[in-house]
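See structure below.
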Amino acid sequence: MIVLGIESSCDETGLAVYDTERGLLADVLHSQVALHGEYGGVVPELASRDHVRYLLPLTEQVLTKAGITKSELDGVAYTAGPGLMGALMVGACTGRAMAMALGIPAVAVHHMEGHLLAPMLEEAVPEFPFVALLVSGGHTLLAEVKGIGQYELLGESLDDAAGEAFDKTAKMLGLGYPGGPILARLAEQGEAGAYRFPRPMCDRPGLDFSFSGLKTFSLNTWQKETEQGNKNEQTQANICRAFEDAVVDTLVIKSRRAIQQVGAKTLVIAGGVGANLSLRKSLNTMMQKEGGQLFYPRIEFCTDNGAMIAYAGALRLLGGETEPLAINVRARWPMSELDAVVN
Ligand code: KG4
Ligand code: ZN
């Protein structure tokens, strides 16, 4: 089965072709970073319009790259949420229209399920059951994954998502957009231990997170240093390092708790913050100590992409999932509402 995947939930237009027999045939991506840069963050209406501009040319491009024609497609998968309503509508309407014109089924994919399954696009595939740490710009959660669509929430962020905290902290330090990767790069030049930031909610049992306090902690530290005449790049780098170390430690502590709680030996990390090298390294060390294994997607499949949507959609189509005629996208969508897929 050959499936076209469409991702348009936020600021990236991603297209991919996945073949259930041959694997990923092609993927292409257009990032809107330059478009939103001057506003310091994603402007939803500009995002929708840009998806309109790029979706069809990118569809042509990905089909050519895959070496197939439209008529060889067996299904279309599109992100139906969670995300920006306008941006989602562009991908959903285009995907459904294409499927209808070609006389093939379309399937609505949950963006976070796409992220969660992205490591399956790699050569070494994690086996069920496992614990997943999903860390993106909109979500931070730990889930026990028993199979496709069988997700039990173990804990989640009570305020900012990890990526959101990275982005907001970067903005406060004047580092620009997109904040996460810029902050991470600067943190590499920071001195370890220059500041000690708290590890939020680690002093009590449970698997929930709270990252908004770290943002305030960073701002207060930056203001204090500025007042003392230390407003320079090294101070910025030291704050970035302290912030990143605190987020990474917290994620490692809670992930360890999660695998111990459910008795899992496999941890999967996915979502934009999964591209953070310090986080990957620390989780790897932790899992080795626990006698288990860490799985993650290649860097470009940690952040938003069409490949993960094509893959998740292909599994759902193979499982016989079909869609009613009404197009339905959702800004919010708990993963626990997904149906299990039994292939
Ligand atoms: O999964 P994603 O592309 O989009 C959402 O579904 O939200 O994640 C984007 C988030 C942003 O907050 C971005 O700053 C963060 O992932 N991010 C990073 C890194 N690369 C992307 N955060 C920390 N370190 C990175 N290297
Ligand atoms: Zn995402």
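The basis for the numbers below is simple: all heavy atoms, side chains too, and nothing from hydrogens, waters or symmetry mates. None of the values given here were measured: they were computed from a predicted structure. FYI, the numbering just counts along the sequence from 1. Remember, it's 1-based here, ligands and their atoms both numbered in the order they're listed.
When only non-hydrogen protein atoms are considered, atom 13 (C) of ligand 1 lies nearest to Asp167 OD1, 3.7 Å. Counting protein heavy atoms only, atom 6 (O) of ligand 1 is closest to His111 NE2, 3.0 Å. The shortest contact between atom 24 (N) of ligand 1 and any protein heavy atom is with Asn276 ND2, 3.0 Å. Asp304 N, 3.0 Å is the protein heavy atom nearest to atom 3 (O) of ligand 1. For atom 21 (C) of ligand 1, the nearest non-hydrogen atom of the protein is Gly272 O, 3.3 Å. For atom 9 (C) of ligand 1, the closest heavy atom belonging to the protein is Gly137 N, 3.8 Å. With hydrogens left out, the protein atom closest to atom 22 (N) of ligand 1 is Gly180 CA, 3.7 Å, a heavy atom.
In this pair, Phe128 and Phe130 present their aromatic rings parallel. The plane angle is below 30°, not in the 30 to 60° band. Using the six-membered ring where Trp is involved, His30 and Tyr54 have ring planes that are parallel, under 30° apart on the 30 and 60° scheme.
Geometrically, Arg280 engages Tyr296 in a cation-pi contact defined by less than 6.0 Å to the ring centre and at most 45° from the axis.
Summarising the geometry, atom CG belonging to Leu84 is positioned 7.5 Å from atom NE2 belonging to His51; distances are rounded to the nearest 0.5 Å. Note that CG of Asp304 and CD1 of Ile309 are 8.0 Å apart. Values are rounded to the nearest 0.5 Å.
For the ligand labelled ligand 1, residue Arg185 lies outside the 4.0 Å heavy-atom shell. Between Pro178 and ligand 1 there is no heavy-atom distance shorter than 4.0 Å.
Ligand 1 has no N or O atom lying under 3.5 Å from any N or O atom of Met112, backbone or side chain. Backbone and side-chain nitrogen or oxygen atoms of Gly271 are examined, and none is located within less than 3.5 angstrom of a nitrogen or oxygen of ligand 1. Residue Glu12 has no nitrogen or oxygen atom sitting less than 3.5 Å from a nitrogen or oxygen atom of ligand 1, judged on distance alone. Polar contact with ligand 1: absent for Thr303 (N/O pair, distance under 3.5 Å).
Rounding to the nearest 10°, we obtain 100° for the angle at the Zn ion (ligand 2) between His115 NE2 and Asp304 OD1.
Under 4.0 Å from ligand 1, not a single heavy atom of His139 appears.
Using a 3.5 Å distance cut-off with no hydrogens or angles, the side chains of Glu113 and Tyr311 do not pair a donor with an acceptor. No donor-acceptor contact under 3.5 angstrom links the side chains of Thr285 and Gln288, judged on distance only. Using modelled atom types and a 3.5 Å distance limit, the side chains of Glu144 and Gln261 yield no donor-acceptor pair. Between the side chains of Asp160 and Ser212, no donor-acceptor pair is found at a separation under 3.5 Å. Side-chain polar atoms of Thr235 and Glu233 form no donor-acceptor pair below 3.5 angstrom. Side-chain contact check for Gln236 and Asn232: no donor-acceptor pair (N or O, by modelled atom type) lies under 3.5 Å.
Of the listed options Ile182, Asn305, Val273, Leu277, Val273 places a heavy atom closest to atom 15 (C) of ligand 1.
The contact set between ligand 1 and Gly138, taken as ligand atoms under 4.0 Å from a residue heavy atom, comprises 7 (O). For ligand 1, the atoms lying closer than 4.0 Å to a non-hydrogen atom of Gly163 are 12 (O).
At least one N, O or S atom of His111, from either the backbone or the side chain, sits less than 2.8 Å from the Zn ion (ligand 2).
Heavy atoms only, all atoms of each residue included: Ile269 and Pro297 are closest at O-CD, 3.2 Å.
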